[in-house]
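Remarks on the structure that follows.
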Amino acid sequence: MAPKLSDSAERLRAAGNQSFRNGQFSEAASLYSRALRVMQEQGSLDYKEESVLYSNRAACHLKDGNCRDCIKDCTSALALVPFSMKPLLRRASAYEALEKYPLAYVDYKTVLQIDDSVMSALEGVNRMTRALMDSLGPEWRLKLPSIPLVPLSAQKRWDSEYHKETPKGKSKETTTAKSRVPSGDVERARVLKEEGNELVKKGNHKKAIEKYSESLSYSNLESTTYSNRALCYLALKQYKEAVKDCTEALKLDGKNVKAFYRRAQAYKALKDYKSSFADINSLLKIEPKNVPAQKLQQEVNQKLN
């Protein structure tokens, strides 16, 4: 007697999941493909399961660097179950890798309509905003595709599915915060940051930038890592990069004095004296007796007058 459709597809999907966990992405994709064929040959109407299989296969493609097939599978998954979180995030990552920044931006923003606490989407929007400003100029928003309005039903579906998977006794906020940056990643980020600090002391700013960048790839929630990397960019006269890093640092900690001071220095070097003066004033409101800031204020003031 032939196995039931759901049993057969479920076994193939489970085997695919195991292969994926083992890092065997090609094998996992093949198993997901077989599960899809089983469903399609037997006329399954389980659109949700079919959508998950497309999304899972997309994850395999993404891991293997096959961004175009990832996008195709995510689009198929979303056609079956619109506004699903995982295929939206995976498609956004694939678009970003292909430098299709407007499309990546739209997918990241769509995810944030469903759940505005998804850190990977927040970070994606920030990256895409910077890339789009650089490539399309200050009116970049006018050149974007329209962002779809997510219906309330899709948001409720996500909440329902999330709470079903969330262990009892743990709030959504707690679980989400922990999932953003695993403790091991935070520790690795801290070690790399300290290695960067040691390189700065030795005057090796280029190597320090590499360490800080690697640290931020593990956890980008540490304001001082950005402001430390900005110091290196200043030393190498890469002033625009220093401004960007100080801005990121201040988004995380609005009272990061070093970020204000280093951005003021970078603006001064770029001859943007008004912005430099504004940053010094912000710094002096936090630390009125900061002597280096007072001295920089006088220098910038002379340029303005």
Side-chain angles (χ1 to χ4, degrees), residues 20 32 36 46-166 171-173 175-181 217 220-221 248 251-252:
F20 187 91
Y32 294 138
L36 281 165
D46 190 343
Y47 300 125
K48 183 178 177 182
E49 176 68 15
E50 194 174 344
S51 176
V52 168
L53 287 166
Y54 276 117
S55 179
N56 288 2
R57 191 171 68 179
C60 300
H61 294 321
L62 191 61
K63 288 287 189 181
D64 281 336
N66 184 356
C67 294
R68 297 187 190 282
D69 282 344
C70 173
I71 290 166
K72 287 179 184 177
D73 274 355
C74 289
T75 302
S76 296
L78 291 163
L80 291 162
V81 183
F83 305 110
S84 297
M85 292 274 284
K86 288 182 179 179
L88 278 168
L89 285 168
R90 287 164 185 165
R91 191 171 69 177
S93 295
Y95 279 141
E96 183 176 352
L98 294 172
E99 298 185 4
K100 296 184 177 183
Y101 300 136
L103 294 171
Y105 180 88
V106 168
D107 276 353
Y108 284 130
K109 288 290 284 186
T110 303
V111 169
L112 292 177
Q113 287 184 65
I114 302 167
D115 185 344
D116 62 7
S117 70
V118 177
M119 184 57 67
S120 57
L122 288 164
E123 293 166 357
V125 166
N126 288 337
R127 287 195 305 274
M128 294 307 93
T129 298
R130 290 194 295 270
L132 289 164
M133 285 181 69
D134 289 343
S135 61
L136 300 179
E139 296 186 350
W140 61 273
R141 291 181 189 276
L142 302 176
K143 302 170 185 177
L144 292 177
S146 59
I147 298 172
L149 182 64
V150 177
L152 189 59
S153 59
Q155 297 176 41
K156 286 180 177 178
R157 183 184 75 228
W158 166 246
D159 284 339
S160 172
E161 290 173 359
Y162 181 88
H163 288 300
K164 197 181 293 183
E165 296 173 2
T166 301
S171 68
K172 177 178 179 180
E173 290 76 16
T175 308
T176 304
K178 285 187 177 179
S179 67
R180 287 176 185 174
V181 187
S217 74
N220 61 356
L221 302 178
E248 291 301 318
K251 285 179 184 177
L252 293 165

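Keep in mind the model is a prediction, meaning the values are calculated, not measured.
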inquiry  = Applying side-chain contact (heavy atoms from CB on, under 4.5 Å) to Met119 and Leu221, what does each step give before you reach the verdict?
reply    = CA-CA 10 Å; Met119 184 57 67; Leu221 302 178; 4.0 Å; yes

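The CG atom of Leu144 lies 7.5 Å from the CG atom of Leu136; values are rounded to the nearest 0.5 Å. Going from atom CE of Met85 over to atom CG of Leu78 covers 12.0 Å, rounded to the nearest 0.5 Å. Atom CG of residue Asp73 and atom CG of residue Leu53 lie 10.0 Å apart, to the nearest 0.5 angstrom. To the nearest 0.5 Å, atoms CD (Gln113) and CD1 (Ile147) are separated by 7.0 Å. Note that the NZ atom of Lys48 and the CG atom of Leu80 stand 13.0 Å from one another [nearest 0.5 Å]. With rounding to the nearest 0.5 Å, the separation of CZ in Arg141 from CE in Met133 is 9.0 Å.
The closest side-chain heavy-atom distance from Leu132 to Arg127 is not below 4.5 Å. Residues Leu89 and Val118 form a side-chain contact, since some pair of their non-hydrogen atoms from C-beta on lies under 4.5 Å apart. For the pair Leu103 and Pro145, the minimum side-chain heavy-atom distance is below 4.5 Å. Put simply, the side chain of Ser55 does not reach to within 4.5 Å of the side chain of Ser84, judged on heavy atoms. Side chains of Arg57 and Asp69 form no contact here, defined as non-hydrogen atoms less than 4.5 Å apart. Between Phe83 and Pro148, some side-chain heavy-atom pair lies under the 4.5 Å cut-off. Looking at heavy atoms from C-beta onward, Val111 lies out of side-chain contact with Val150 at the 4.5 angstrom threshold. Contact of the Cys60 side chain with the Asn66 side chain is not registered, since no non-hydrogen atoms from C-beta on lie closer than 4.5 Å.
Only one option out of Tyr105, Tyr108, Tyr101 pairs with Glu96 in a side chain to side chain donor-acceptor pair (under 3.5 Å); it is Tyr108. Checked against Asp107 for a salt bridge (charged side-chain N to carboxylate O under 4.0 Å, His left out), the options Lys86, Arg91, Lys100 give a single hit: Arg91.
For the pair Leu122 and Asp116, the tightest heavy-atom approach, listed with the atom from each and the gap, is CD1-O, 3.8 Å. When all heavy atoms are compared, the tightest approach of Leu62 to Cys70 is CB-SG, 4.0 Å.
Side-chain atoms of Ser76 come within 3.5 Å of backbone N or O of Lys72 as a donor-acceptor pair. The backbone N or O of Val125 lies less than 3.5 Å from a partner atom in the side chain of Thr129, making a donor-acceptor pair.
Scanning for side chain to side chain donor-acceptor pair (under 3.5 Å) contacts around Glu248 gives Arg130, Lys251, with sequence neighbours left out.
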